[in-house]
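Structure, as structure tokens:
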Amino acid sequence: MEEVRVRFPPSPTGYLHIGGARTALFNWLFAKQHNGTMILRIEDTDEERSTQASIDGIIDGMTWLGLDWDEGPYFQTEFEHDHIAAANRLLASGQAYKCFCTKEELERKREAAMAEKKHDIGYDGACRHLSAEEVAAREGQGLPAVIRFKTPERQGVLFYDDEVLGRIERAYADIEDFVIVRSNGKPLYLLCNVVDDIRDRITHIIRGQDHMTNTTRQVLLYEALGAKLPVFAHMPLTLDLQKAKISKRKHGEVVAVQYYRDMGFIPWALCNFLCLMGWNPGTDQEYFTREELIEAFSLSRISRVNSVFNYKPGDPKFFTDPKLIAINEHYLRTMPIEELGEMVRSELEREQLWDQAYAGARRDWYLHTLNLIRDRFHTLKDFTGAGRAYFADEYAIDPKPLAKNVLKEPQLAAWLPMLAERFAALDAFTAEETERVSRELADELAVKPGVLINAMRTVLTGQLAGPSMFEIVVTLGRDKVVQRLARVDHLFAAA
RNA sequence: GUCCCCAUCGUCUAGUCAGGUCCAGGACACCGGCCUUUCACGCCGGCAACACCGGUUCAAAUCCGGUUGGGGACGCCA
């Protein structure tokens, strides 16, 4: 079988957003599955809008997601000679022509047509049949010209067979003569893209349905340039709840890949979520390892229906699509603990909470602690947020549980230090022993054990919720527990 | 307006090509229960959809036609 070669060709005019990342992911999956080649090609021919920051952002985003490429990044502007040469070839063979119509003229004609027939006719072909003499005359006058592709004068329809959508047809008559080179001599996307895909020997073009009208025109370009047509697969778009195409401009950072890195998402969780937008394996499986997904993926199971990114602005609990959060949580609590340890390490380092011993003598403690607390967390950020008390002595106490579990019972100011003393006196600082003395004390004080236990949790971890109290106690160790329980005065003083 | 694509729970979707096993399955979210010192996790249960109209057929989510609805593209952007 022919080698599979695919490409991801972002234009560097903004950060990598999740729609683009999904396109990259599908191409990547397809390439991996077929032991093919994935090419990253930066389409930077729009010089006004392309930025280095955007190029960096795209590369960083892809790298973070783990979507690697085999060739590139290539830069489209470096191949301008190829594009111009192709345009000249088309010109020479009569498959393209110079057009001297100005933007203003075209605009006027378009408006007139709209007013008269309420119908946008596209380019009217005014320059299509200019003789060689007429062209020469205009050039002699120094009139600027664009190069337009000459749509074949054929009856009937053009078609191609899409791997997702089946046969796509479009009447030749509906395809206007489109511009392939600007009047300043710079080639345009429609042409560059095809020339590059031919040169890069792309076999499969997997891109969004928003390219479908481009595809019909590009099919003509392939034919005119005498190249074999690649396989096309148009994937559905991702929309917002208002059913509008998601965009950087409209939705801001919540659609940026970068946002998910900053929010503490596991990269593969985002990939897993993204692949489920517009694709499914035909089974009930929803969680995939990298290898499983590469194996299971197929173009024919890409959906034809646009999917909605279920994000409602302003909801603190669901700061992005709830399913994406759920998938992230799933990985957080099921992934191999060593792997999680690496990811949390980065978070701790960023907050200057990392202790080198966690990689050495205290590694078992470190991994055990992560395992203890990960069940309740949503993102990697929680390890340094809600989980801060496990790694630092400076941590905030959530005012809500402070009021409810501690300040509500003023006598705890005395009771907690009493508990500290008893813990300090224990022969064996175990879950069983600490629980025993806690219950004993509660009994003596004639209060429910929960009063002491919940107050302890709040003081020791700063949180309303957490793992089993006596596991926490053992994990933190006697010193910290005694210390934290003995000094609760300031909590009451502040109140 | 023109051309193209699409239409199953709130969201992601299975089922549509090869009509019956679908009074429509799974997941997320939501609600309830169990577990529990808290909150989660986990487990159990619940709510919730074939856009509409017509046709074909013994039988339609599935095939055909139309309507409505949604999206995309209509640049000397990519």
Side-chain angles (χ1 to χ4, degrees), chain A residues 9-13 43-46 48-50 76 99 101-103 106 110 113-114 117-122 144-148 162 164-166 168-171 173-176 178-190 192-193 208-216 234 236-237 239 241 243-245 273 276-287 303-312 317-318 321-327 329 333 373-377 401 404-405 435 438-439 442 448-454 456-458 463-470:
Chain A
S11 66
T13 55
E43 306 219 320
D44 56 348
T45 53
D46 186 347
E48 280 105 68
R49 295 199 300 155
S50 297
Q76 194 158 55
C99 168
C101 298
T102 64
K103 276 185 195 174
L106 295 174
R110 188 170 292 130
M114 282 294 277
K117 293 194 257 175
K118 297 198 75 177
H119 177 84
D120 186 350
I121 49 156
V146 299
I147 299 175
R148 282 185 189 271
D162 189 281
V164 174
L165 300 168
I168 303 299
E169 298 183 336
R170 193 166 172 202
D174 287 331
I175 307 173
E176 65 175 312
F178 52 93
V179 177
I180 54 176
V181 178
R182 301 187 230 214
S183 56
N184 67 2
K186 298 286 183 189
L188 252 11
Y189 168 77
L190 247 10
C192 302
N193 191 245
Q209 287 182 11
D210 50 349
H211 280 283
M212 285 178 72
T213 51
N214 289 333
T215 302
T216 50
H234 289 100
L237 271 16
L239 312 175
L241 280 169
K243 298 281 172 70
K245 196 163 81 151
F273 168 77
L276 258 17
M277 293 283 256
W279 176 87
N280 75 81
T283 66
D284 284 343
Q285 186 174 3
E286 300 213 89
Y287 298 109
S303 168
R304 291 177 298 276
V305 191
N306 292 341
S307 46
V308 171
F309 182 64
N310 188 15
Y311 163 66
K312 299 184 189 71
K317 184 174 175 193
F318 297 118
D321 190 315
K323 186 138 184 169
L324 170 51
I325 297 175
I327 290 174
E329 289 167 354
R333 52 189 68 114
I373 59 183
R374 65 168 160 174
D375 275 354
R376 286 162 188 79
F377 289 170
K404 184 182 160 197
N405 294 334
E435 178 163 6
S438 299
R439 288 184 184 278
K448 282 191 266 185
V451 173
L452 292 181
I453 291 170
N454 291 331
M456 247 195 286
R457 173 177 295 105
T458 303
Q463 297 294 307
L464 177 66
S468 164
M469 191 56 241
F470 301 98

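Proteins get letters first, then strands, A, B, ... in listed order; numbering begins at 1 in each. Quick note: numbers below take in every heavy atom, side chains included, and nothing from hydrogens, waters or symmetry partners.
Considering only side-chain atoms of A:Thr45, the nucleotide from B:rC28, B:rA78, B:rC5 that sits closest is B:rA78. Side-chain atoms of A:Glu286 lie closest to B:rG26 of the nucleotides B:rC77, B:rC5, B:rG26. When each of B:rC28, B:rC41, B:rC5 is scored by its nearest atom to the side-chain atoms of A:Leu165, the top-ranked nucleotide is B:rC5. Nearest nucleotide to the A:Asn454 side chain, out of B:rU38, B:rC6, B:rC5: B:rU38. Of all nucleotides listed (B:rA78, B:rA73, B:rG71), B:rG71 comes nearest to the side chain of A:Leu237. You'll find that the side chain of A:Leu241 is closest to B:rU11, out of B:rU11, B:rU37, B:rU8. Side-chain proximity of A:Met277 to B:rG10, B:rC12, B:rG71: nearest is B:rC12. In this structure, of B:rC12, B:rU37, B:rC3, it is B:rU37 that holds the atom nearest to the side chain of A:Ser468. Which of B:rC30, B:rC12, B:rU11 sits closest to the side chain of A:Phe318 comes down to B:rC30. Picking from B:rC3, B:rC76, B:rG72 the nucleotide with the shortest atom distance to the side chain of A:Asp210 gives B:rG72.
At B:rC30, one or more side-chain N or O atoms of A:Lys317 fall inside 4.0 Å of OP1 or OP2 (strictly under the cut-off). Here A:Lys245 reaches the OP1 or OP2 of B:rA73: one of its side-chain N or O atoms lies under 4.0 Å away. Contact between the side-chain N/O atoms of A:Ser307 and the OP1/OP2 oxygens of B:rC12 is not found at any separation under 4.0 Å. When the side-chain nitrogen and oxygen atoms of A:Arg304 are compared with OP1 and OP2 of B:rG71, none of them lie within a distance under 4.0 Å. Using a 4.0 Å cut-off, some side-chain N or O of A:Asn280 falls inside it from OP1 or OP2 of B:rA14.
Between the side chain of A:Asp44 and the base of B:rA78, no donor-acceptor pair under 3.5 Å is found. The base of B:rC39 is paired with the side chain of A:Arg376 by a donor and an acceptor separated by under 3.5 Å.
If you measure from atom CG of A:Leu276 to atom P of B:rC12, you get 12 Å, rounded to the nearest angstrom. Regarding A:Ile327, its CD1 atom lies at a distance of 12 Å from the C1' atom of B:rU11, rounded to whole Å.
Separating the P atom of B:rG33 from that of B:rC52 is a span of 35 Å, rounded to the nearest Å. For the C1' atom pair drawn from B:rG32 and B:rA48, the interatomic distance equals 15 Å after rounding to whole Å. Straight-line distance between the P atoms of B:rC47 and B:rU36: roughly 28 Å, to the nearest whole Å. Taking the P atom of each, B:rC12 and B:rA29 are spaced 15 Å apart, rounded to whole Å.
Using cut-offs of 30° and 60° for the angle between ring planes, the A:Tyr189 and A:His211 rings count as tilted.
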